[in-house]
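Single-structure report; data block below.
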Number of protein chains: 2
Amino acid sequence: MGLQLTRGGEYAVRAMTYLARFPEGHVASLRDIGRAQDIPESFLAKILQSLVRSGLAVSQRGAHGGFALARPAAGVTMRDIIEAVDGPIALNQCVLWPEDCSRSGDCELHKAWQRAQAQLMDVLDSVTLRTLAPQPVA
Amino acid sequence: MGLQLTRGGEYAVRAMTYLARFPEGHVASLRDIGRAQDIPESFLAKILQSLVRSGLAVSQRGAHGGFALARPAAGVTMRDIIEAVDGPIALNQCVLWPEDCSRSGDCELHKAWQRAQAQLMDVLDSVTLRTLAPQPVA
DNA sequence: AGGAGACCGGACAGAAAAGGTCCTGTTGAA
DNA sequence: TTCAACAGGACCTTTTCTGTCCGGTCTCCT
Ligand code: SF4
Ligand code: SF4
């Protein structure tokens with residue numbers, strides 16, 4: 001393989017999409033999210049921690065605690081979520097860190113990867129949680 | 001990380017691009033390619049084997065042997081090369097094997113990944129070895 | 001005040017993939 | 001015949017992925 005989304009990334013988007021289905025501010029517990037989205041709960045705990053640390057979600061501790069979106073669904077993109085849990089997206093190392101490759105100065109391949117990355121980001125930046133969960137349930 | 005080209009994929013494109021810089025049919029040895037492109041030779045051996053098995057390169061055994069492109073440079077794309085060594089490209093599992101995910105029937109996220117994949121393939125299919133190595137050296 | 005419910009944080013661990021290495025065999029041209 | 005060069009497979013090390021576990025902490029509810 002190679003060049004594929006991690007399980008963690010997929011889970012993160014699914015979890016956030018689930019939260020976006022509720023009215024703004026609604027809190028759902030780890031257990032609820034895991035059950036609803038078929039995500040192992042102890043793994044999901046780690047993923048949600050990343051999302052909280054990245055400021056995409058907020059957590060409520062104690063009884064009746066859980067997680068909620070930190071901002072309106074329309075303002076959170078697929079890219080935001082994936083980068084929060086998997087780190088920066090770079091189809092090839094040199095796209096984000098050109099200094100790592102001595103050839104990057106005049107490399108046609110480099111330019112190709114930059115175009116590919118730009119096209120990918122176009123999609124990832126344009127899809128928000130509102131796109132993924134259009135109608136909040138009452 | 002996650003979602004990044006493998007080292008093997010990068011090496012493969014570099015090796016093929018090197019071959020494309022010579023007149024059609026020119027044979028270069030493993031050693032030559034490895035030295036010119038800074039690729040560990042024993043690893044490169046494996047990569048070239050994959051390329052030969054996939055029909056993108058041909059090999060010549062015995063003294064003065066080596067590797068050459070199997071077809072004109074303009075007919076070999078980035079995608080061909082990467083898929084030959086890393087297997088099929090799928091930004092998310094469900095893009096190529098939707099039956100693996102029970103949700104794939106009506107999943108907005110799935111559609112998003114399909115768009116992203118299509119954009120990526122547009123670039124990868126449009127870049128050929130002729131693009132990467134415009135002028136064969138005499 | 002005292003549970004009980006729920007997240008926090010870090011250590012740990014098994015499995016898989018990435019990234020190579022090595023060795024023995026086979027080929028083919030000089 | 002010799003020897004340069006590829007073929008193929010076994011093996012190895014390191015890193016990343018995909019989780020698990022547990023003690024600690026916080027907060028609501030009674
Ligand atoms: S694409 Fe070019 S610049 Fe980027 S890593 Fe490969 S050789 Fe270096
Ligand atoms: S994007 Fe949708 S279809 Fe694809 S794996 Fe995730 S949930 Fe399944």
Side-chain angles (χ1 to χ4, degrees), chain A residues 1-15 19 26-35 37-70 82 84-90 92-93 100, chain B residues 1-15 19 26-35 37-70 82 85-90 92-93:
Chain A
M1 303 287 175
L3 211 44
Q4 203 172 281
L5 182 67
T6 62
R7 222 68 198 103
E10 160 81 11
Y11 289 159
V13 181
R14 291 234 295 269
L19 291 179
H26 178 93
V27 169
S29 74
L30 181 61
R31 167 162 307 175
D32 287 346
I33 304 172
R35 296 259 168 95
Q37 295 292 318
D38 284 308
I39 304 172
E41 291 176 31
S42 40
F43 190 23
L44 180 56
K46 291 295 170 239
I47 292 165
L48 285 167
Q49 270 184 44
S50 299
L51 293 170
V52 169
R53 277 195 282 257
S54 304
L56 298 182
V58 292
S59 65
Q60 176 66 39
R61 295 165 71 146
H64 305 312
F67 299 88
L69 297 186
I82 294 170
V85 313
D86 281 347
I89 294 172
N92 197 355
Q93 193 86 7
D100 284 4
Chain B
M1 302 287 178
L3 211 43
Q4 202 172 284
L5 182 67
T6 62
R7 220 75 194 97
E10 160 82 11
Y11 289 159
V13 181
R14 291 234 296 269
L19 291 179
H26 178 93
V27 170
S29 74
L30 180 62
R31 167 162 306 176
D32 287 346
I33 304 172
R35 297 258 167 96
Q37 295 293 318
D38 284 307
I39 304 173
E41 289 175 31
S42 40
F43 190 23
L44 180 56
K46 290 294 169 244
I47 292 165
L48 285 166
Q49 269 183 45
S50 298
L51 293 170
V52 169
R53 285 199 209 103
S54 305
L56 298 182
V58 291
S59 64
Q60 176 66 39
R61 294 163 72 145
H64 305 311
F67 299 88
L69 296 187
I82 293 169
V85 312
D86 280 348
I89 294 171
N92 196 356
Q93 192 87 7

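Below, chains carry the letters A, B, ... as their sequence lines are ordered, and counting in each starts from 1.
The two residues B:V85 and B:A12 have their closest heavy-atom pair at CG1-CB, 3.7 Å. A:A15 and A:L44 make their closest contact through CB-CD1, 4.1 Å (heavy atoms, listed as atom of the first residue, atom of the second, distance). Nearest heavy-atom pair, B:F67 versus B:L19, reported as atom, atom and distance to 0.1 Å: O-CD2, 3.6 Å. The shortest heavy-atom contact between A:L48 and A:I33 is CD1-CD1, 4.1 Å. Residue A:Y11 comes nearest to A:D38 through the heavy atom pair CE2-O, 4.4 Å, listed as atom of the first residue, atom of the second, then distance.
In terms of phosphate contacts, B:T6 brings no side-chain nitrogen or oxygen within less than 4.0 Å of OP1 or OP2 of C:dA17. Phosphate proximity of C:dG9 to A:R53: present, with a side-chain N or O under 4.0 Å from OP1 or OP2. B:Q4 has no side-chain polar atom (N or O) that falls below the 4.0 Å cut-off from OP1 or OP2 of C:dA18.
The CZ atom of A:F67 sits 16 Å away from the P atom of D:dC26 (whole-angstrom rounding). Distance, B:E41 CD to D:dA7 C1': 16 Å, rounded to whole Å. Rounded to whole Å, the distance from CG on A:L3 to P on C:dA17 is 15 Å. Protein atom CZ of B:R14 is 13 Å distant from nucleotide atom P of C:dG19, rounded to whole Å. Rounded to whole Å, the distance from NE2 on B:H64 to P on D:dT2 is 18 Å. Between the NZ atom of B:K46 and the C1' atom of C:dA17 there is a distance of 17 Å, rounded to whole Å. In this structure, A:I47 atom CD1 and C:dG9 atom P are separated by 16 Å, rounded to whole Å. A:Q49 places its CD atom 13 Å from the P atom of C:dA11, with the value rounded to the nearest Å.
The side chain of B:S42 lies closest to C:dC22, out of C:dC22, D:dC6, C:dG19. Considering only side-chain atoms of B:R61, the nucleotide from D:dC26, D:dA7, C:dG9 that sits closest is D:dA7. Here the nucleotide nearest the side chain of A:R7, chosen from D:dT18, C:dT26, D:dT27, is D:dT18. Taking the side chain of B:Y11 as heavy atoms from C-beta on, and the options C:dG28, C:dC7, C:dG20, the nearest nucleotide is C:dG20. Comparing D:dA7, C:dA29, C:dC7 against the side chain of A:L30 picks out C:dC7 as the nearest. Taking the side chain of B:F43 as heavy atoms from C-beta on, and the options C:dG5, C:dG20, C:dC8, the nearest nucleotide is C:dG20. Nearest nucleotide to the side chain of B:S29, out of D:dT27, D:dT18, D:dA5: D:dA5. The side chain of A:Q60 lies closest to D:dT27 when the candidates are D:dT27, D:dC17, C:dT21.
No engagement by A:L48 is indicated, since no non-hydrogen atom pair under 4.0 Å with the nucleic acid exists. Using a 4.0 Å heavy-atom distance criterion, B:G62 is classed as a base contact.
Residue pairs meeting the side-chain hydrogen bond (donor to acceptor under 3.5 Å, both in side chains) criterion with at least one partner in residues 40-49 of chain B, sequence neighbours excluded, are B:Q49-B:R53.
Checking B:A63 against A:V52, the closest nucleotide of DNA chain C that is more toward the 5' end is the one next to A:V52.
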